[in-house]
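See structure below.
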Amino acid sequence: MKWSEIKKWAKDKGYNVSRDKAENTDEYTYEYTWTKDDESAGGLSTSVKDLATDIYNHMTDNKHLNHQLQYEKEVKIDHFIQ
């Protein structure tokens, strides 16, 4: 996922997003923050994927969270077995 695509998607959905270079790290990493336009919600994410997931979960009131967690668990198990 590209930062620019998620930023545009979030804006279209009524969210403000920003990113700042993470402090105290040698890696080229960012911290992503998001808020709803009316500032009723917001959060901090550590990757573009997590940012998109967090906003999507907020939009859907966590409707698909159980499925996401189950999928993540299965992927980790599959990776461990291989």
Side-chain angles (χ1 to χ4, degrees):
M1 287 183 216
K2 285 186 169 183
W3 159 245
S4 59
E5 292 172 0
I6 298 305
K7 185 177 178 180
K8 181 182 182 308
W9 170 78
K11 184 177 180 181
D12 290 344
K13 299 297 181 184
Y15 291 84
N16 298 309
V17 296
S18 63
R19 70 178 183 178
D20 295 307
K21 188 169 183 323
E23 295 182 18
N24 300 325
T25 179
D26 293 334
E27 297 179 29
Y28 192 66
T29 57
Y30 290 95
E31 292 177 334
Y32 302 89
T33 56
W34 63 274
T35 57
K36 184 73 175 143
D37 278 346
D38 61 6
E39 298 187 13
S40 61
L44 176 68
S45 305
T46 57
S47 71
V48 174
K49 176 191 173 291
D50 290 344
L51 173 66
T53 301
D54 291 346
I55 292 172
Y56 177 78
N57 284 338
H58 181 260
M59 289 172 24
T60 61
D61 197 26
N62 293 318
K63 182 178 180 181
H64 305 286
L65 186 59
N66 287 337
H67 173 74
Q68 292 167 0
L69 295 173
Q70 182 63 32
Y71 177 78
E72 188 175 301
K73 182 179 176 181
E74 290 172 6
V75 167
K76 286 180 182 178
I77 290 171
D78 287 347
H79 180 53
F80 180 73
I81 292 173
Q82 293 177 2

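Numbers here are sequence positions counted from 1.
- Proximity of Val17 to Tyr32: side-chain heavy atoms (C-beta onward) are nowhere separated by under 4.5 Å.
- Contacts of Asp20 classified as side chain to side chain contact (heavy atoms under 4.5 Å, CB included), with partners at least two apart in sequence or in another chain: none.
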Distance-only donor-acceptor hits, side chain of residues 1-14, under 3.5 Å, sequence neighbours excluded:
residue	atom	partner	partner atom	Å
Lys8	NZ	Asp12	OD2	3.3

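- Scanning for side-chain hydrogen bond (donor to acceptor under 3.5 Å, both in side chains) contacts around Glu39 gives an empty result, with sequence neighbours left out.
- Applying the side chain to side chain contact (heavy atoms under 4.5 Å, CB included) criterion to Asn62, with sequence neighbours excluded, gives Asn57, Leu65.
- Residues satisfying the side-chain hydrogen bond (donor to acceptor under 3.5 Å, both in side chains) criterion with Thr60, sequence neighbours excluded, are absent altogether.
- Note that OG1 of Thr46 is 14.5 Å distant from OH of Tyr30, once rounded to the nearest 0.5 Å.
- Partners of Ser47 under the side chain to side chain contact (heavy atoms under 4.5 Å, CB included) rule, at least two apart in sequence or in another chain, are Lys49, Asp50.
- Lys36 forms a cation-pi arrangement with Tyr15, by the criterion of a distance under 6.0 Å to the ring centre and an angle within 45° of the ring axis.
- Of all non-hydrogen atoms in Ser45 and Asp54, the two that sit nearest each other are OG-OD2, 2.7 Å.
- Applying the 6.0 Å contact sphere to CD of Glu23 captures no more than 12 heavy atoms from other residues, nucleotides or ligands.
- Of the inter-residue distances, the one linking Leu44 atom CG with Leu51 atom CG reads 9.5 Å to the nearest 0.5 angstrom.
- Summarising the geometry, atom NZ belonging to Lys21 is positioned 5.5 Å from atom OG1 belonging to Thr29; distances are rounded to the nearest 0.5 Å.
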